[in-house]
Peer 1: 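Have a look at this one before I ask anything.
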Amino acid sequence: MKQEIHGKILKALHEMADSQYVFFYDYETEMVQWSVEAAEFFGFPHEPTAHFLYTLMNMVHPADREPCGAELIRVLQHKQDSFYKSYHMKNAEGKYLLCRGKGKVYCDDDGNPAVFAGTVSLCDEEVSYDSVSGLQTVNGFCNTIHRYNETDRDYMVLAVEIHHFHDVNALYGYDFGNKVLYQLSNIFRDLTIGSELGHVYRIEGTTFAFVIKGHDLEIVKGLYERIRKLTSHFNADEATINMDIIGTVWYTKEKRTDPQAILSALISVIERSKANDTYELVVYDDAMKATMSQSLELLNTIKNSIRRNCEGFFLCYQPFVSTLSGKVIGAEALIRWKSEEYGVVGPYRFIPYLESNPCFYDLGIWIIRQAVSDAKKIREKCPNFFVNVNMSYSQIQRPGFKEEVVAILDEMEFPRDALQLELTERCRNLDLKFLQQQLQFFRENGVKIALDDFGTGTSTIELLCNLPVDCVKIDQSYIINILEQENNKVIVDATMQCTRRLGIDVCLEGVENEEIRTFVEQYSANYHQGYFYARPVVYDEFIQYLDKSWQRERINVIRENGRSRFDVSNILAMIPGGFFMYMASGDERITCANEALLKMFECKNADEFYELTGNTFKGIVHPDDYEKVEACIKNQITRSEDKLDYVKYRIITRTGKVKWVNDYGHLVKNEHDEDVFYVFLGDSRRRAEEAL
Ligand code: C2E
Ligand code: CA
Ligand code: CA
């Protein structure tokens with residue numbers, strides 16, 4: 001009777017188990033029974049037989065006997081609950097084939113082992129096993145999906161990526177990383193194959209795919225939660241490592257999708273989650289599929305545009321405003337793409353998904369060329385103008401990129417130090433040594449580097465101290481909410497102190513409105529950027545904005561007893577460096593000088609400063625630098641249009657000390673239409689001295 005039931009169960013199991021060969025071992029009778037198909041294919045007895053271990057081992061290839069036998073003995077002695085092994089086994093014709101045996105022990109109500117049931121399946125020789133994880137690779141995944149599609153079965157696919165796994169490799173070494181992957185893979189196998197939920201495959205690197213039977217989303221959610229918990233505190237060799245996972249589940253009603261199409265859809269969702277820092281499980285259902293296919297279409301169209309000489313791309317410029325002069329002194333180039341069908345498409349919609357694509361390199365070069373060509377035109381009007389260009393991790397990783405940048409600048413006859421490359425957030429995941437080398441090359445060749453989005457991501461202070469950068473851009477997320485968030489103030493404060501010590505310039509991003517501008521003045525950053533000044537605009541609009549910024553202002557000259565006094569109190573209050581002014585024509589005396597300037601020249605008051613200058617710059621400029629400064633002033637006075645000139649020279653203080661200063665001279669008209677100079681001086685070593 002029992003035997004008859006066993007026979008029926010075996011038949012059912014065989015049908016359910018995708019034509020795998022099924023067996024059944026009874027702990028009580030110590031007999032094993034193979035399904036009819038198994039008995040025929042391998043030549044096992046058709047009747048229940050004793051000596052399970054012996055008959056099986058007789059057919060397993062001698063090289064596989066020991067590991068396979070040891071595991072089976074543990075199961076038969078009920079020292080373990082499941083069996084999972086690959087081995088070579090003879091078929092009825094005596095030919096060894098690669099097989100995979102799986103089995104599970106079922107206990108009775110008292111917890112005693114009752115039966116051990118399982119399957120033997122033939123492994124497609126084409127299916128390859130990954131040597132690190134021991135899991136099947138993408139071939140195996142495709143075979144399974146094909147098989148499920150053919151037999152019209154329901155399934156879901158959960159794709160999981162371990163985020164920033166390179167940190168584990170970097171911290172503990174590659175061997176350790178591999179060990180972790182191996183251990184994780186074993187657990188993944190237990191969670192799926194072991195609990196009969198489905199199968200797991202290592203797709204690439206740290207991306208795994210779980211094919212889960214049925215169509216119950218809760219099962220996948222539960223599995224994802226378990227994996228997340230497990231990886232967030234993973235114990236390996238006495239080290240606890242914390243890994244983040246990103247996941248998405250293929251949960252569509254659509255049947256018979258090609259396995260490669262499933263994978264590429266899931267991987268693009270993972271890329272998207274990575275770009276947005278999303279760790280929640282994303283459900284790829286029919287609705288998502290529709291929107292994704294739209295955006296995939298957009299990405300494809302954009303990719304094709306890159307191939308057509310970057311057709312449809314254009315740059316917008318957002319000003320860098322100098323806090324010293326309140327003037328536009330540079331700009332960041334920001335990419336956009338436009339087409340009739342899609343309108344203007346912003347970078348957030350394509351950069352994160354395309355920057356790892358090889359075609360992005362050409363776009364990156366196009367951006368640099370375009371920005372340099374525009375900036376070159378601007379520099380004819382505004383000689384010290386510089387342009388910032390964002391740099392993706394894929395660009396800096398590409399051998400020859402840095403040399404190409406320098407060659408482009410030279411070919412276009414653009415001063416190397418008027419280009420500043422912004423190291424965007426994701427570049428900072430690159431190996432520190434590698435980054436140092438690349439940035440050092442730029443430094444040695446005069447190209448400037450800014451750390452973009454400072455404060456986001458990890459270990460940023462460490463990067464600041466270890467990378468040769470010229471400027472730090474504090475991320476807008478700190479500035480936009482600075483009025484409300486105490487924490488932000490602390491972070492900005494600390495960053496300012498740190499950069500000042502290191503002699504690095506600072507740009508505050510996200511200065512969105514007047515209130516924020518007023519508040520952040522206290523930090524004395526070098527530049528501001530944000531909607532308060534201007535949104536990113538196209539070249540022509542930017543030029544208009546620039547012209548307005550540099551328009552000759554009228555300021556009031558108050559004349560008393562033959563002396564001129566300028567009503568510039570509000571300008572004075574804004575300027576952390578020194579400030580003074582004098583008449584460029586006529587012999588008006590100047591008495592305007594702010595506190596910082598007096599300190600710089602070691603003068604007690606404006607009169608003392610006047611004595612020192614004698615109304616000519618010669619009184620304060622180091623004799624070796626006369627020529628340079630004189631040429632600069634002449635140049636400025638004789639020019640009809642308004643320009644800010646920048647010159648660096650030495651001054652001599654009242655007590656005879658020599659100091660280097662940065663001088664920004666600017667010509668204005670007073671109400672009598674006379675030319676007046678105002679000059680901002682900054683001690684070029686001020687920060688270095690403060691640090692001492
Ligand atoms: P990002 O480099 O941080 O650029 C600043 C972004 O913040 C710009 O968005 C700008 O429009 C926006 N922004 C500026 N001021 C304010 C403000 O006061 N408030 C707010 N809320 N936002 C402000 P955009 O142009 O959409 O650029 C987005 C990101 O795309 C950039 O962030 C950058 O990472 C990337 N990107 C843009 N152009 C390029 C490029 O040419 N190459 C590369 N690799 N990445 C680029
Ligand atoms: Ca940027
Ligand atoms: Ca930024």
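In this chain, residues are counted from 1 in sequence order. Because the structure is predicted, anything quoted here is derived from the model rather than measured. Counting starts at 1 for both ligands and their atoms, in listed order. The analysis underlying the following values was restricted to heavy atoms, covering all of them including side chains, and did not include hydrogens, waters or symmetry mates.
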Peer 1: Check this for me: does any side-chain nitrogen of one of D362 and R307 sit under 4.0 Å from a carboxylate oxygen of the other?
Peer 2: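 No, this pair does not count.
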Peer 1: So, at under 3.0 Å, which protein N, O or S atoms would a careful student list around the Ca ion (ligand 2)?
Peer 2: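 Protein N, O or S atoms closer than 3.0 Å to the Ca ion (ligand 2): E332 OE2, N390 OD1, E422 OE1, D452 OD2.
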Peer 1: Check for me whether E355 has a heavy atom closer than 4.0 Å to any atom of ligand 1.
Peer 2: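 The answer is no: ligand 1 sits nowhere under 4.0 Å from a heavy atom of E355.
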Peer 1: G530 heavy atoms, cut-off 4.0 Å: which ligand 1 atoms fall inside?
Peer 2: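 Every atom of ligand 1 under 4.0 Å from some heavy atom of G530: 15 (N), 18 (O).
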Peer 1: For atom 10 (C) of ligand 1, tell me which residue out of P536, S477, A333 has the closest non-hydrogen atom.
Peer 2: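 Result: the heavy atom closest to atom 10 (C) of ligand 1 is in P536.
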Peer 1: Locate the shortest heavy-atom distance separating N466 from Q436; write the atom from each residue and the value.
Peer 2: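 So the two residues come closest at O-NE2, 3.0 Å.
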Peer 1: Given that the side chain starts at C-beta and the backbone is N, CA, C, O, which of these parts of D475 lies under 4.0 Å from ligand 1, counting heavy atoms, or is it both or neither?
Peer 2: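 Neither part.
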Peer 1: Would you check the N or O atoms of I480, main chain and side chain alike, for any that come under 3.5 Å of an N or O of ligand 1?
Peer 2: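 In fact, backbone or side chain, I480 has no N or O that close.
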Peer 1: Starting from atom 16 (C) of ligand 1, which protein heavy atom do you reach first, and at what distance in Å?
Peer 2: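 Closest protein heavy atom to atom 16 (C) of ligand 1: Y531 CE2, 3.2 Å.
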Peer 1: Please determine if T424 has a nitrogen or oxygen closer than 3.5 Å to a nitrogen or oxygen of ligand 1.
Peer 2: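 It does not: no N or O of T424 is found under 3.5 Å from an N or O of ligand 1.
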Peer 1: Could you check atom 9 (O) of ligand 1 against the protein and tell me its nearest heavy-atom contact, residue, atom and distance included?
Peer 2: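 The closest heavy atom on the protein side is Y348 CE1, 4.3 Å.
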Peer 1: Tell me: protein heavy atom nearest atom 42 (N) of ligand 1, and distance?
Peer 2: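 Going atom by atom, the protein heavy atom closest to atom 42 (N) of ligand 1 ends up being N390 CB, 3.5 Å.
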Peer 1: Any idea which protein heavy atom is nearest atom 19 (N) of ligand 1, and the distance to it?
Peer 2: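 Going by distance alone, atom 19 (N) of ligand 1 is nearest to E512 OE2, 2.6 Å.
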Peer 1: Ignoring hydrogens, what is the shortest heavy-atom contact between F414 and K376? Give both atom names and the distance.
Peer 2: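 Minimum heavy-atom contact is CE1-N, 3.7 Å.
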Peer 1: May I ask you to identify, for I351, whether its side chain, its backbone, both or neither come under 4.0 Å of ligand 1 on a heavy-atom basis?
Peer 2: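 Just the side chain.
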Peer 1: Does the pair E444/R416 count as a salt bridge with the N-to-O cut at 4.0 Å?
Peer 2: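 R416 and E444: not salt-bridged.
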Peer 1: For ligand 1, which atoms have a heavy atom of E332 less than 4.0 angstrom away?
Peer 2: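 Here the atoms of ligand 1 in question are 2 (O), 4 (O).
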Peer 1: Are R272 and S295 linked by a side-chain donor-acceptor pair shorter than 3.5 Å?
Peer 2: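 Judged by distance alone, the side chains do pair up.
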Peer 1: Is G510 near ligand 1, meaning one of its heavy atoms is under 4.0 Å from it?
Peer 2: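 Right, G510 reaches ligand 1.
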Peer 1: Give me the atom names and distance for the closest heavy-atom approach of T248 to V269.
Peer 2: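 Of all heavy-atom pairs spanning T248 and V269, the closest is OG1-CG1, 3.6 Å.
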Peer 1: Please work out whether any backbone atom (N, CA, C, O) or any side-chain heavy atom from C-beta onward of R336 is under 4.0 Å from ligand 1, and answer side chain, backbone, both or neither.
Peer 2: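 The answer is the side chain of R336.
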Peer 1: Which protein heavy atom lies closest to atom 8 (C) of ligand 1, and at what distance to 0.1 Å?
Peer 2: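 For this ligand atom, the closest protein heavy atom is L334 CD1, 4.0 Å.
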Peer 1: Any nitrogen or oxygen of Q529, main chain or side chain, under 3.5 Å from a nitrogen or oxygen of ligand 1?
Peer 2: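 No: no nitrogen or oxygen of Q529 is under 3.5 Å from one in ligand 1.
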Peer 1: If the cut-off is 4.0 Å to any non-hydrogen atom of Q318, which atoms of ligand 1 fall inside it?
Peer 2: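 Those of ligand 1 that fall under 4.0 Å from Q318 are 14 (C), 15 (N).
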Peer 1: With heavy atoms under 4.0 Å as the rule, classify the contact between I335 and ligand 1 as side chain, backbone, both or neither.
Peer 2: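 Both backbone and side chain.
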Peer 1: Relative to the ring of F313, is the ring of F350 parallel (under 30°), tilted (30 to 60°) or perpendicular (over 60°)?
Peer 2: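 F350 vs F313 ring planes: perpendicular.
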Peer 1: Starting from atom 6 (C) of ligand 1, locate the nearest protein heavy atom and write down its residue, its atom name and how far away it is, to 0.1 Å.
Peer 2: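 Checked against all protein heavy atoms, atom 6 (C) of ligand 1 sits closest to Q476 OE1, 4.2 Å.
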Peer 1: How about F320 and F386: are their ring centroids closer than 6.0 Å?
Peer 2: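 Yes, the ring of F320 comes within the 6.0 Å limit of the ring of F386, centre to centre.
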Peer 1: Is there a donor-acceptor contact under 3.5 Å linking the side chains of N445 and E403?
Peer 2: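 No, because no side-chain N or O of N445 sits under 3.5 Å from a partner of the opposite role on E403.
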Peer 1: Among all protein heavy atoms in this structure, tell me which lies nearest to atom 27 (O) of ligand 1, with the distance rounded to 0.1 Å.
Peer 2: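 Atom 27 (O) of ligand 1 sits closest to the protein heavy atom P347 CG, 3.3 Å.
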Peer 1: I need the contact type for E425 against ligand 1. Using non-hydrogen atoms and a strict under-4.0 Å cut-off, is it side chain, backbone, both or neither?
Peer 2: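 Near ligand 1, E425 shows nothing, with every heavy atom at 4.0 Å or more.
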Peer 1: Counting only nitrogen or oxygen atoms and a 3.5 angstrom limit, does S392 reach ligand 1?
Peer 2: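 Min N/O separation from ligand 1 is below 3.5 Å for S392.
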Peer 1: So, are K274 and E161 salt-bridged, with charged N and O less than 4.0 Å apart?
Peer 2: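 Yes, this pair counts.
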Peer 1: Tell me, which protein residue and heavy-atom name are nearest atom 3 (O) of ligand 1, and how many Å apart are they?
Peer 2: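 Answer for atom 3 (O) of ligand 1: D453 OD1, 3.1 Å.
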